Amino acid sequence: FSFLASAAMDYCIKTNFQPDAIHVHEWGGVAGALAKTVYKEHFENIPVTLTIHNISYDFHCTSRHASKIGLPPEDFNIEGYEFWGKVSMLKAAILYSSKVVFTSPSYLFYMLSVDLPGGMRGFLESQGNKLLGIQNGVDYNTWNLPKDYEAFKKKKKDEFRAELGLEASSGILLYSHLDSDLDASAQIISTILANLLNMNLQLAIGISEDNENYPYFVAMQEKNRSKIALLPFTDNEESLCHRLSASDAFFSISTEDPSLSFFLKAAAVGSMPISGKRTDHAFTCIKPFTEQSAENKDKASAFISANAFPDLILEQIRLAESIFCENKSLWSKLVSNAVSIRATWDDTAKKYFSTFVPNS
């Protein structure tokens with residue numbers, strides 16, 4: 001990859017092309033590192049913006065490869081690009097970038113509040129003056145509801161229940177999307193499932209047959225066909241929009257969605273997000289519901305527990321169920337709040353453009 005990046009920069013030089021900015025991603029950001037080291041003479045004043053979609057997207061190689069890549073040997077230390085005695089391409093990308101963008105403010109806050117292996121958190125803190133959180137946008141051409149969305153959602157929900165083989169019910173329909181074996185959402189649902197089955201609630205789960213939790217959920221579905229429906233896992237936007245538009249609420253605490261785009265998409269189609277708070281600064285676009293304040297009740301757009309513990313998540317689901325079943329006017333207000341949230345790609349782009357301005 002460093003050979004490819006070097007070829008691209010050589011081509012820029014030989015064709016007298018000078019970019020206005022260089023935008024790189026994850027460990028591939030080593031291309032930006034080369035621009036600021038090996039090719040510094042030609043790209044010294046060109047801003048390099050690195051986007052980190054997931055802090056785990058790194059690539060490691062032995063220290064003897066550093067010179068082949070083109071990284072300065074003097075920066076092979078814990079304050080530089082060294083990671084457990086190896087070269088971390090991601091650390092190199094961060095070290096030499098002008099700005100480092102995380103895909104949501106909450107993801108940046110989360111990374112600076114949890115322990116990360118190999119001193120990565122301390123390294124991020126040392127680079128704090130260049131770290132930014134820019135919320136990934138949502139395509140509202142896809143994720144939208146008609147003006148008369150209450151009637152629309154009821155129709156979609158009835159059709160969805162029929163499609164899933166679920167009987168008609170006055171209860172809440174909760175959708176959860178289990179995207180990997182490591183998804184803590186599956187562990188929490190497994191832990192509280194007996195409680196959920198005793199509620200006025202039906203559960204639709206998007207899950208792959210390869211997921212290690214799949215046999216358990218199949219067994220539970222066979223015993224509770226009026227309560228549980230399983231759907232194939234999918235990343236298809238149209239299918240996901242169909243599922244969330246038909247659901248009353250969406251539950252996830254997955255770290256596989258650092259940008260929280262799923263919550264924003266669910267909110268856009270009136271599926272109330274339910275989750276656990278990662279940090280005190282999480283969910284900057286979403287206002288959690290609290291019972292203590294009438295004002296918070298009126299402005300809330302999600303159900304967020306203080307921590308992602310099963311008992312606290314269950315408490316939030318129970319709260320959502322009780323409002324849905326017993327206070328329709330408040331539920332309608334909460335859905336209206338959620339639907340009104342907007343985080344567009346235009347907003348994202350404007351903030352990104354500011355990172356390409358030197359010394360901004």
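Keep in mind that the numbers below use all heavy atoms, side chains included, and drop hydrogens, waters and symmetry copies. This structure is a prediction, so every number in the text was calculated from the model and none was measured.
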* Asked: Between atom CD of Q127 and atom OH of Y96, what is the distance when rounded to the nearest 0.5 Å?
  -> 10.0 Å

* Hey, mind stepping through T355 and I134 against side-chain contact (heavy atoms from CB on, under 4.5 Å) and telling me if it holds? -> CA-CA 10 Å; T355 72; I134 298 179; 4.2 Å; yes

* Give the ring-plane orientation class for W27 versus F59, where under 30° counts as parallel, over 60° as perpendicular and anything between as tilted. => tilted

* Does any non-hydrogen side-chain atom of L108 lie less than 4.5 Å from one of I52? -> no

* Taking S6 for its side chain and S2 for its backbone only, find out whether a donor-acceptor pair lies under 3.5 Å. => yes

* Asked: Do N337 and S340 have side-chain N/O donor and acceptor atoms under 3.5 Å apart?
  -> no

* Just say parallel, tilted or perpendicular for the rings of F289 and F303, cut-offs at 30° and 60°. => tilted

* Give a yes-or-no answer on whether the side chains of T51 and Y352 include a donor-acceptor pair shorter than 3.5 Å. => yes

* Salt bridge check: are D158 and K154 linked by an N-O gap of less than 4.0 Å? -> yes

* Main-chain N/O of I46 paired with K36 side-chain donor or acceptor, under 3.5 Å -> yes

* Ignoring hydrogens and geometry, is there a side-chain-to-backbone donor-acceptor pair from K157 to I172 under 3.5 Å? -> no

* **Test item: K86 side-chain N/O and S63 main-chain N/O as donor-acceptor pair under 3.5 Å** => no

* Polar side chain donor-acceptor pair, H65 to T62, under 3.5 angstrom -> yes

* **Residue pair S185 / S176, side-chain donor-acceptor N/O under 3.5 Å** => no

* Asked: So, T348 versus D346: side-chain donor-acceptor pair below 3.5 Å or not?
  -> no

* **Distance (rounded to the nearest 0.5 Å) between N213 CG and M220 CE** => 13.0 Å

* Say whether, by atom type as modelled, one donor and one acceptor occur between the side chain of K153 and the main chain of S245 under 3.5 angstrom. => yes

* So, does D75 use its side chain to make a donor-acceptor pair with the main chain of G80 at under 3.5 Å? -> no

* Asked: Below 6.0 angstrom between ring centroids: does that apply to F251 and Y175?
  -> no

* To do: Would you kindly check if the NZ (Lys) or CZ (Arg) of K265 is within the cone defined by 45 degrees around the ring axis of F263 and under 6.0 Å from the six-membered ring centre?
  => no

* To do: State the OG1-CG distance between T191 and D311, to the nearest 0.5 angstrom.
  => 10.0 Å

* Between atom CZ of F233 and atom CG of L178, what is the distance when rounded to the nearest 0.5 Å? -> 9.0 Å

* Asked: Is the shortest heavy-atom distance from the side chain of I317 to the side chain of N195 under 4.5 Å?
  -> no

* Applying side-chain contact (heavy atoms from CB on, under 4.5 Å) between Y107 and each of L112, N54, N136, report the one that passes. => N54

* Asked: Can you find a pair of side-chain heavy atoms, one from W143 and one from L240, that are under 4.5 Å apart?
  -> yes

